Amino acid sequence: MASCFSATHPYYVSWTSSAKFGQSSNLSYVTKSLVFRCRKRTQCALQIHCPLMKARVASSSMDTTDAHIEENSSFSTLRELCEGHVPEHVINRMEEIGYVAPTEVQQQALPVLFAGRDCILQAQTGSGKTLAYLLQIFSVIDTQRFGVQALIVLPTRELGMQVTEVTRKLAAKPSQAERQQKPCTVMALLDGGRLTRHKRWLKAEPPTIVIATLQSLCHMLEKQIFGLGAMQVLVIDEVDFMFNSSKQVDALRRLLTSYSSSSSRQTIFASASVPQHKRFLHDCIQHKWTKGDVVHVHVNPVQPMPSCLHHRFVVCGKRERHSTLLLLLQSDAPQFAIVFVGEQSEKSKKAGNAPPTTILFDFLKTSFLGCSTIILLEEDMNFNQRAASLIDVREGGDFLLVATDIAARGVDLPETTHIYNFDLPRDAVNYLHRAGRTVERKLMRTRIA
Ligand SMILES: Nc1ncnc2c1ncn2[C@@H]1O[C@H](COP(=O)(O)OP(=O)(O)OP(=O)(O)O)[C@@H](O)[C@H]1O
């Protein structure tokens, strides 16, 4: 039986419009209704999500073939789950960081992963999938061996930097005795990085773990700067996004089948959303992206989005969008908020128009006085500016982040209380990931402590 929790205390609720639609977080209903309403009126909408800190008893299921998965209720701490698999110093570091009790996906996935099975990890945004696959990586790597032993591939530099930070924290060896052993080295091979230094490093002594975006990775593999012969674990994070991206899909297929073989590695796919997962599971086996006995660990299949979120929308005329958003911000007075704006169309770029993000950012800077730090994050900024924006968000006090979907996947901004969809998300999956940035992590820690 899955472990359950239940806690209720209000965190933040505000209603500024009469247009409250459903406290249910039925994603498909929410998005379909919203898009329908908006198209019908050919007007624009704003949606807002507010975390309520209202936890629910979680339901879960696991699609498995014949895996020997023990009842997860028999485990109570991450240490107990990891002992005998993960090196002691990593377990110690994990506890120092504050990871003591497993989240539900960790509870369910770790026994499967430690058994060496290929796995599709599907669980809500912010549910701790990253730690689950990292612990598996630490359980198999051997720092005495030469070569890249684990590879984590993800869609954006921002997510890559975040995962690298957690991996390095876990890999750190604090005690003198541990320092005498060969350290586990972690390389971030991310778009926008200085590849010359990486090339030298890879040639001299390949790192144990590489965290990469596809473009940089494939560049290195094609030039044969390093190989994947020693790779034991391959993780593809945000897997549905990667397969859906026309820019990434070919390279991803090559990585899964040409650069290495599923029979000689453990393959882990992770995401909060795997649309048509049965079809995907079939494709994994058919195309040999995984072995035939791949396991689908699916936590909360009925409720893909945390129920602690409140959703609402406001319908307004196109010309009133800026002023409506301003009114909402003034009445909500959010401490930590992200405003998602659509990417600029090619047509608009060719016409020489300013990007919608910049227009909104300039507007809020001059009109919204309720927040001291208004920050911009979009693809067209250079990588240093993008990194600086995220540092500002993480280190500053209150913030209002105006961002494109670059911030929608995986980026962990645990303080975020409000998401404003200034432009509608492309689809329900995109809505889920945007909304997931506001999941209240303190809630998760409260319940697992
Ligand atoms: N066992 C744990 N105890 C306490 N905090 C945890 C635990 N596992 C993960 N976390 C924290 O929860 C947050 C979310 O984790 P993570 O980013 O791995 O979620 P995710 O499932 O990958 O989310 P997304 O689908 O949005 O990428 C992070 O801040 C992480 O440090």
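Counting starts at 1 for both ligands and their atoms, following the listed order. Keep in mind that this is a model prediction, so the values were computed, not measured. Residue numbers run from 1 in the order of the sequence given.
Using 4.0 Å as the threshold, G436 has no heavy atom nearer than that to any atom of ligand 1. In this structure, R437 counts as a contact residue of ligand 1, since one of its heavy atoms falls inside 4.0 Å of the ligand. Within the structure, the closest approach of A270 to ligand 1 does not fall below 4.0 Å when heavy atoms are considered.
Here A123 has no heavy atoms under 4.0 Å from ligand 1, in either its backbone or its side chain. The residue R409 has no part lying near ligand 1, judged by heavy-atom distances below 4.0 Å. At a heavy-atom cutoff of 4.0 Å, ligand 1 is contacted by the side chain of E238 but not by its backbone.
Between H298 and H277, the ring planes are perpendicular. Angles over 60° get that label, and only those under 30° would be called parallel. Using cut-offs of 30° and 60° for the angle between ring planes, the H418 and Y420 rings count as parallel. Ring geometry for F243 versus F269: interplanar angle over 60°, hence perpendicular rather than tilted (30 to 60°).
Close approach of ligand 1 to S127 (heavy-atom distance below 4.0 Å) involves ligand atoms 19 (O), 20 (P), 21 (O). Shown in contact with T130 at under 4.0 Å from a heavy atom are these atoms of ligand 1, numbered in order with element: 16 (P), 17 (O), 18 (O), 22 (O). Listed by number with element, the atoms of ligand 1 under 4.0 angstrom from any heavy atom of Q124 are 21 (O). Short contacts between ligand 1 and Y99, defined as distances under 4.0 Å to a heavy atom of the residue, involve ligand atoms 2 (C), 3 (N), 4 (C), 5 (N), 6 (C), 7 (C), 10 (N), 30 (C), 31 (O). The distance from ligand 1 to the heavy atoms of D412 drops below 4.0 Å at these ligand atoms: 13 (C), 28 (C), 29 (O).
Geometrically, ligand 1 and T125 share no nitrogen or oxygen pair separated by less than 3.5 Å. Geometrically, ligand 1 and A101 share a nitrogen or oxygen pair separated by less than 3.5 Å. Taking any N or O of Q162, backbone or side chain, none lies under 3.5 Å from an N or O belonging to ligand 1. In terms of N/O distances under 3.5 Å, ligand 1 is not approached by L78.
Between the side chain of Q149 and the main chain of D142, a donor-acceptor pair closer than 3.5 Å is present.
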Take D250 and R254 through the salt bridge (Lys or Arg N to Asp or Glu O under 4.0 Å) test and state the conclusion after the steps. CA-CA 6 Å; D250 289 340; R254 276 202 306 283; 5.8 Å; no

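Closest approach of C184 to I141, counting heavy atoms only: SG-CD1, 3.7 Å. Minimum interatomic distance between T416 and R437 (heavy atoms only, all atoms of both residues): CB-O, 3.6 Å.
Residues H311 and Y431 place their aromatic rings such that the two centres sit under 6.0 Å apart.
The shortest side-chain heavy-atom distance between N92 and E88 falls under the 4.5 Å cut-off.
In summary, of the residues considered (L217, I236, I211, L189), a side chain to side chain contact (heavy atoms under 4.5 Å, CB included) with L151 occurs for L217 alone.
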